[in-house]
2 protein chains.
Amino acid sequence: MRYHRDDVVARALAVLDDHGLESLTMRRLAGELGVQPSALYHHVPNKQALLALVADEILARGKRPRRAKRWDRRVVEVCAELRDAMLAYRDGAEVVVTAHTFGLGAAEPAQQLREALRDGGLPDDVVDVGTRALLHLVFGHTAEEQMALQAASAGAIERAPGGPADFEHGLELVLDGLRARVNA
Amino acid sequence: MRYHRDDVVARALAVLDDHGLESLTMRRLAGELGVQPSALYHHVPNKQALLALVADEILARGKRPRRAKRWDRRVVEVCAELRDAMLAYRDGAEVVVTAHTFGLGAAEPAQQLREALRDGGLPDDVVDVGTRALLHLVFGHTAEEQMALQAASAGAIERAPGGPADFEHGLELVLDGLRARVNA
DNA sequence: ACCTGAACACCGTTCAAGT
DNA sequence: ACCTGAACACCGTTCAAGT
């Protein structure tokens, strides 16, 4: 059987979701594809690049249509989509956040947030600061939430995690600050 | 030479700062101490626990006296101390953030933020949401900033990173939201 | 273009045994 | 209490060679 890059990424995402990030090794992935580990390097330059592709695939699969018209509602919509996309796959948040930390992936949500803030009439520097603050909030909250969910499902803890309400509350804190800076 | 846990943690932090997180392996650390790798497991249960201790040591070394009286100024003070502490060591942000993601470390800054928000007269649920939002902001911003700084010093990029001004601006966004909720 | 086979240079962790 | 020696069960990546 001959594979293309998309097959490798799709299989990597399946391994991630079924067995977790710590089980997603190049050797394991090769084994699942029935191929030698070295064959993977024909499709992908290294593991970090593969994980960045997996991160983008997670976000692509979570895409939803934009409905909100008001800029601040659109911010909430984009952030909620981002959160849901990451939560939809085991260790999804960690993969996406790590890729972003290394300067890869998550470019599209960032761009959508920038546009929303710009449409809101915010000055350029506030658009910059606001976009990054919102991304950090979503990433941090979702990574923490997913960790708690997975710990709970493993029976390690009974504590209910933040959930969507806490998530939106945190967002509203930043949105308050942003609304106060419209037309500043 | 016989070591105690503190020696191991201190040496781990030195290896981290001198050679980076990717070089901080149990085998390398053992080598630097002139000891077999297996000897480390007398002082520490595993690598993850060691990294959590290193994270706490980074934060402990960055401790500064509290000066601000107003609750919101104290929030800025705590967050700035946290940022500076992480930036003071190579890959410091990544180590602290990872430890926090796995539910370890960074307990003291969280507690100090909680107290500041409580002193501000915020209701309990806002204290919770606000503390986590602030931590996520500081962690996200600092990890990104340190990544950019290290990429720049490696000559990979010329772009000047966020810096302290952007950091405080992001914080102010959240503080605006919090101030609006005092006595709510 | 895509893959095999074999190797290189490593990892974290365990455990019986020593002092 | 702290450490050695040796092993177990893995890693990511490279590279000549095959089809």
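Hydrogens, waters and symmetry mates play no part in the numbers below; they use all other heavy atoms, side chains included. Chain naming here is simple, since letters A, B, ... match the order of the sequence lines and numbering starts at 1 in each. Predicted model only: the values in this text are computed from it and were never measured.
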Check your understanding: So, is B:Q36 close to the D:dG5 phosphate, meaning a side-chain N or O under 4.0 Å from OP1 or OP2?
Key -> yes

Review point. Among C:dT4, C:dT19, D:dG12, which nucleotide sits nearest the side chain of A:K47?
Key: D:dG12

Review point. Taking OP1 and OP2 of D:dC2, is either one under 4.0 Å from a side-chain nitrogen or oxygen of B:H4?
Key: yes

**Study point:** Rounded distance in Å between the C1' positions of D:dC8 and C:dC11
**Key:** 12 Å

Point to revise | A:H43 side-chain N/O to C:dA1 phosphate OP1/OP2 under 4.0 Å | key: no

Exercise for review: Give a yes or no on whether a salt bridge exists between B:R132 and A:D166, defined as a side-chain N under 4.0 angstrom from a carboxylate O.
Suggested key: yes

Revision key, fill the gap. A:Y41 OH to D:dC15 P, in whole Å, measures 13 Å

**Study point:** Nucleotide nearest B:M26 (side chain, heavy atoms from C-beta), chosen from C:dG5, D:dA6, C:dT13
**Key:** C:dT13

Study note, to complete from the structure: Separation of C:dG12 atom C1' from B:N46 atom CG, nearest Å, is 9 Å

Review point. For the side chain of B:R61 and the backbone of B:A85, is there at least one donor-acceptor N/O pair under 3.5 Å apart?
Key: no

Practice item. Once you apply the 3.5 Å cut-off to both distances, tell me the Watson-Crick or G-U wobble partner of D:dG12, or none. Key: C:dC8

Exercise for review: Find the partner of C:dG18: check Watson-Crick (N1-N3 plus N6-O4 or O6-N4) and G-U wobble (N1-O2, O6-N3) distances, both under 3.5 Å, and reply none if neither fits.
Suggested key: D:dC2

Review point. Between A:K63 and A:E108, is the closest basic N to carboxylate O distance under 4.0 Å?
Key: yes

Check your understanding: Salt-bridged, B:D176 to A:R179, with N to O below 4.0 Å?
Key -> no

Point to revise | B:L51 CG - C:dG12 P separation (whole Å) | key: 10 Å

Exercise for review: Let me know the distance between CD of B:Q48 and P of C:dG12, rounded to the nearest Å.
Suggested key: 13 Å

Point to revise | Interatomic distance where NE2 belongs to A:H42 and P belongs to D:dA17 [whole Å] | key: 19 Å

Point to revise | Polar side-chain contact B:T25-C:dG12 base: donor and acceptor under 3.5 Å | key: no

Study note, to complete from the structure: Of the listed C:dT4, D:dG5, D:dT13, the closest approach to the B:S38 side chain comes from D:dG5

Review point. Between B:R27 and B:A39, which has a closest nucleotide on DNA chain D that is more 5'?
Key: B:A39

Study note, to complete from the structure: B:R28 atom CZ is separated from C:dA9 atom P, nearest whole Å, by 17 Å

Review point. Do the charged groups of A:R83 and A:E145 touch, with an N to O distance under 4.0 Å?
Key: yes

Review point. Just how far, in rounded Å, is P of C:dC2 from CG of A:L33?
Key: 14 Å

**Study point:** Nucleotide C:dC2, atom P - distance to CG of A:L40 in whole Å
**Key:** 13 Å

